[in-house]
Amino acid sequence: LIDANLISQLLVKKITKFPRESGAVVIGVSAVPVAQNVMKGATKVILAQFTINAVNSNEDVAFNALEIQQKIDTLNHAGDVVNVFLSDGDRVIASVPNGAKVLNRYNVSFNPTLVVAKGTVKIISLRGDISGAAAANGFQQWGLPADAAVRAFGMSSAKTDIVNVVGGDG
C-alpha cells in the first residue's frame, strides 16, 4: 500500500556493467538509489547517482560540465522537485535549473572543476528538495541521455575525447 502522503516515485535504472576500453573514462547511472517514495517537504533527497569509472584511465580527468536529463509524468509535476544540485560527498559542485517540460535536458557546469584520479571510481549524487506543494502520485526520472554532452579533458594530455557515456533514463 502506498500512503497518500507519499509522492514522487523516483526511478533509477540499474546499470551495472561498463565497457572496458583502455585509457577511457566511463560515466553512467548508478544502481542506487532504487525507486523510492518520498514525503512532501523532504530535503536533499538523492534523485540519482552517477558513477565515473576511471579505473582504465591513463591519466587524471577534469570534468567541466555534464548533461543530465529529467523526465516527468506530466507538466502538473514540473515543480515537484526543486533546488536540484550535484554533489561530491557533502560538497556542492553544480546547480541544476528547475524544469518546465515533460523532458528536460540540462548542461550543468561544475564549480569547481571535478577531478577524477586515474585508477579510481567516483560517485556523484544528484539531490533535490521535494516541494511541500508537490502533487500526490507523481513520478520523475533523472539520469543521463545516451548522447549526453560531457566537457572533460585529460589533465596531462589535454585530450577531450576520453569519456564514454552509458545513458540511462534514471
Side-chain angles (χ1 to χ4, degrees), residues 7-21 23-36 38 44-57 61-88 91-116 120-131 134 138-154 159-170:
I7 56 104
S8 298
Q9 184 178 32
L10 304 172
L11 304 174
V12 175
K13 182 178 178 181
K14 292 184 179 184
I15 295 177
T16 56
K17 294 184 179 181
F18 294 98
R20 309 279 269 168
E21 292 184 25
V25 175
V26 180
I27 185 167
V29 180
S30 174
V32 290
V34 295
Q36 58 186 325
V38 183
K44 298 182 181 174
V45 174
I46 296 176
L47 306 170
Q49 290 187 315
F50 305 114
T51 302
I52 304 172
N53 183 339
V55 169
N56 291 327
S57 179
V61 178
F63 286 81
N64 293 320
L66 173 66
E67 183 179 27
I68 62 171
Q69 181 171 278
Q70 171 196 31
K71 290 182 182 179
I72 57 178
D73 55 349
T74 70
L75 283 177
N76 296 335
H77 301 280
D80 287 359
V81 180
V82 296
N83 304 322
V84 179
F85 63 93
L86 282 165
S87 66
D88 178 11
R91 182 175 62 114
V92 175
I93 56 176
S95 294
V96 180
N98 293 327
K101 299 181 291 190
V102 172
L103 175 62
N104 294 290
R105 290 175 75 147
Y106 305 107
N107 285 304
V108 292
S109 296
F110 296 116
N111 186 15
T113 298
L114 176 67
V115 176
V116 180
T120 66
V121 175
K122 179 174 280 294
I123 296 174
I124 58 176
S125 298
L126 181 68
R127 296 177 177 265
D129 300 338
I130 309 303
S131 168
F139 76 88
Q140 298 200 13
Q141 296 172 303
W142 293 81
L144 295 171
D147 61 345
V150 177
R151 285 197 328 260
F153 61 92
K159 287 176 56 177
T160 59
D161 60 347
I162 56 175
V163 179
N164 293 317
V165 176
V166 178
D169 286 338

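In what follows, every heavy atom counts, from backbone to side chain, and hydrogens, waters and symmetry copies are set aside.
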Participant: Could you list the residues that satisfy side chain to side chain donor-acceptor pair (under 3.5 Å) with Asp147, not counting sequence neighbours?
Facilitator: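 Partners of Asp147 under the side chain to side chain donor-acceptor pair (under 3.5 Å) test: Arg105.
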Participant: For the OG atom of Ser109 and the CG atom of Leu114, what is their distance to the nearest 0.5 Å?
Facilitator: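 Between Ser109 OG and Leu114 CG, I get 12.5 Å after rounding to 0.5 Å.
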Participant: Do the rings of Tyr106 and Trp142 sit parallel, tilted or perpendicular, given the 30° and 60° boundaries?
Facilitator: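 Ring orientation of Tyr106 relative to Trp142: parallel.
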Participant: Please tell me whether Thr113 and Asn64 have a donor and an acceptor in their side chains that are separated by less than 3.5 angstrom.
Facilitator: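 Looking only at side-chain atoms, Asn64 and Thr113 do form a donor-acceptor pair, the distance falling under 3.5 Å.
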Participant: Under 4.5 Å between any side-chain heavy atoms of Val96 and Gln70, yes or no?
Facilitator: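 Val96 vs Gln70: side chains apart.
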Participant: Can you name the residues that form a side chain to side chain donor-acceptor pair (under 3.5 Å) with Asn83, not counting sequence neighbours?
Facilitator: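 Once residues adjacent in sequence are excluded, the partners of Asn83 under the side chain to side chain donor-acceptor pair (under 3.5 Å) criterion are Asp129.
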Participant: Mind checking the CG-CG spacing from Leu47 to Leu86? Nearest 0.5 Å is all I need.
Facilitator: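 Between atom CG of Leu47 and atom CG of Leu86 there are 9.5 Å.
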Participant: Among Leu126, Ile123, Ile124, which residue satisfies the side chain to side chain contact (heavy atoms under 4.5 Å, CB included) criterion with Gln49?
Facilitator: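 Passing option: Ile123.
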Participant: Hey, could you give me the CG/CD1 distance between Asn56 and Ile162, rounded to the nearest 0.5 Å?
Facilitator: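 It is 12.5 Å, given to the nearest 0.5 Å.
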Participant: Output all residues satisfying salt bridge (Lys or Arg N to Asp or Glu O under 4.0 Å) with Asp88, sequence neighbours left out; order by chain, then residue number.
Facilitator: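 Listed in chain order: Arg91, Lys122.
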Participant: Let me confirm one number: the CG-CD1 distance from Leu66 to Ile52, rounded to the nearest 0.5 Å.
Facilitator: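 Leu66 CG to Ile52 CD1: 7.0 Å, rounded to 0.5 Å.
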Participant: State, yes or no, whether a side-chain contact exists between Asp80 and Gln140 at a heavy-atom distance under 4.5 Å.
Facilitator: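 With C-beta onward as the side chain, the pair touches.
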